[in-house]
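Residue numbers start from 1 in every chain, and the chains themselves are labelled A, B, ... in the order their sequence lines are given, proteins ahead of strands.
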Protein chains: 2
Amino acid sequence: MATGRTHRPATRSRGIPEATVARLPLYLRALTALSERSVPTVSSEELAAAAGVNSAKLRKDFSYLGSYGTRGVGYDVEYLVYQISRELGLTQDWPVVIVGIGNLGAALANYGGFASRGFRVAALIDADPAMAGKPVAGIPVQHSDNLEKIIQDNGVSIGVIATPAGAAQPVCDRLVAAGVTSILNFAPTVLTVPDGVDVRKVDLSIELQILAFHEQRKAGEDAHTDGTGPAAVTREEPTEAAASADQGPDGDVPAVMPA
Amino acid sequence: MATGRTHRPATRSRGIPEATVARLPLYLRALTALSERSVPTVSSEELAAAAGVNSAKLRKDFSYLGSYGTRGVGYDVEYLVYQISRELGLTQDWPVVIVGIGNLGAALANYGGFASRGFRVAALIDADPAMAGKPVAGIPVQHSDNLEKIIQDNGVSIGVIATPAGAAQPVCDRLVAAGVTSILNFAPTVLTVPDGVDVRKVDLSIELQILAFHEQRKAGEDAHTDGTGPAAVTREEPTEAAASADQGPDGDVPAVMPA
DNA sequence: CTATGTGAAACTCTTCACAGCT
DNA sequence: AGCTGTGAAGAGTTTCACATAG
């Protein structure tokens, strides 16, 4: 597989496949649940079921991390939780800032899934002066004038953008200039960033549109509003669209902006 | 990741690849923006840039829809908007219900991106009696006792789950029993659904974890990591992998260990 | 000449199936 | 025996590069 074969199976590292990385959080969640129930070990079959993937894929995924299982037995839950956490970088503290404290920003601030995974909301930032000082999820909102200072003082490298579409790029530019190198973007806009900066995007309306596409397929024969294209209807198997993954850095244009 | 069941031959009809379907909303948004600026035609190169993909991919994607371009010229914006909308099923009305009107549910109800794409929030549903009747985004919240009736009366086939994790599966079961066949899940849980039901999931903490993974990698390459060894905390080299005992005949012991 | 549409090559990801530990 | 770890085959996706239509 790898070209350079040194001594040890230097195979991995350069490459945990992106698809595998995207599933690690899934395994981690399932494992955490088992851990809380004090289950000591788990087989690839059981864990796969809990995570909603098939066992061959799970074993292959784990093989990229190393040989952490025991043949004939399974995986040690605690050990695996630790290894995956470490691989994902969750054994360290990640201060994040959320910019744009509207409905969505507030929801994110209140979202428990962050804190429980090593992410700490270091600050909430909004451009509206009226919001300044107002606590959301127990954290006082700060005005965006102080964005740069907040980033630097807290050593923030991950920023979450939950602003209206129009404000996203300017906010992004300021975050990057201040030192942020990873951005999670909820605004329906394509963000342009310099090399070395990572952007992931979550677009609610895109997810719905994908569902609509499949839904339309299912509807099949009947209602085809404007049937220009009869399109040999065929019920494609639903799927199992992988969890998230894909969705590169893009998106674009408003048309309508979130609150 | 819907639930796994077996795969079936699945009649391949007019099979648009899943990867392509996932990008159509992206193109649509870019095209809509061009349309609003009254741009009549666009080349694959320009449109690709606006959507954040490369032009070869875009042309290949469009080739699955048909030959809607003109060689030597480009694509007619209005025409493409229509064709993609139709392909995605957005020329018809999709009533959706949002279940779980907490911070996130409210944010979704207020999200403009839905309405602008043929999605209509038919109802907001919450299990808390205190929420009943209270308007969110101009729509009165209804109690979940009426879930089935609401689904049926409105002919809803797409449901959005924004409840706490524990309530997601029961809500999902009720939605499906009432006739919903597509679900967008925001709760951090794997939903089990019968064949024919499509589930897509958006998990906020997973996105952040993926960013953390890459962020960690960057830090490693920047020769930052203290010094167990030469840079790289990524396990390309033994570096710290050795320290964490990743093989050893039985070495999988470290229950917890310092970073 | 220009820019699309598309076979074919290159890659990536998934699934199979079984060798090899325990 | 039981279950992991993994080459190898298969499926799906992206990229290349150029024939072809306008």
Next on the checklist: Both A:Ala56 and B:Gly72 contact DNA chain C. Taking the nearest nucleotide for each, which residue is further toward the 5' end?
Outcome noted: B:Gly72
Checklist entry - Between D:dG5 atom P and A:Leu47 atom CG, what is the distance in whole Å? => result 12 Å
Next on the checklist: Counting the atoms with a prime plus P, OP1 and OP2 as sugar-phosphate, which does B:Phe62 contact under 4.0 Å by heavy atoms, base, sugar-phosphate, or nothing?
Outcome noted: nothing
Checklist entry - Taking CG from B:Asn54 and C1' from D:dT14, how many angstroms apart are they, rounded to a whole number? => result 8 Å
Next on the checklist: Does any part of the side chain of B:Thr181, heavy atoms only, come nearer than 4.5 Å to the side chain of B:Asp198, both counted from C-beta?
Outcome noted: no
Checklist entry - Are A:Tyr75 and D:dG5 close enough that a side-chain N or O sits under 4.0 Å from OP1 or OP2? => result yes
Checklist entry - Nearest of D:dT14, C:dT4, D:dC16 to any side-chain atom of B:Ser43? => result C:dT4
Checklist entry - Could you give the CD-to-C1' distance, from A:Glu45 to C:dC16, as a whole number of Å? => result 14 Å
Checklist entry - Should A:Ser44 be listed as having a side-chain N or O under 4.0 Å from OP1 or OP2 of D:dC3? => result no
Checklist entry - Which nucleotide in the set D:dG5, C:dT14, D:dG22 lies at the smallest distance from any side-chain heavy atom of A:Ser63? => result D:dG5
Item to check | B:Thr20 (side chain) donor-acceptor with B:Ile16 (main chain) under 3.5 angstrom | outcome: no
Checklist entry - How close or far is atom C1' of C:dT4 from atom CD of B:Glu46, stated in whole angstroms? => result 14 Å
Checklist entry - Looking at C:dT4, does its base get a donor-acceptor pair with the side chain of B:Arg71 below 3.5 Å? => result yes
Next on the checklist: On DNA chain D, does the nearest nucleotide to A:Gly74 precede the nearest nucleotide to B:Arg59 from the 5' side, or the other way round? Give the residue.
Outcome noted: A:Gly74
Checklist entry - Which whole-number value in Å describes the distance from A:Tyr79 OH to D:dT4 C1'? => result 15 Å
Item to check | Nearest-Å distance for atom pair NZ/P, residues A:Lys60 and C:dC18 | outcome: 15 Å
Checklist entry - Say you draw a straight line from CG of A:Leu58 to OG of A:Ser44; how long is it, rounded to the nearest 0.5 Å? => result 6.0 Å
Item to check | Rounded distance in Å - CG (B:Leu58) to P (C:dA3) | outcome: 15 Å
Item to check | B:Lys201 side chain near B:Pro188 side chain, heavy-atom distance below 4.5 Å | outcome: no
Checklist entry - If only atom types and distance count, is the side chain of A:Ser35 paired as donor or acceptor with the main-chain N or O of A:Leu31 below 3.5 Å? => result no
Checklist entry - Think A:Lys57 has a side-chain N or O under 4.0 angstrom from the OP1 or OP2 of C:dT14? => result yes
Next on the checklist: Please report the distance, rounded to the nearest Å, between CG in A:Leu65 and C1' in D:dT4.
Outcome noted: 14 Å
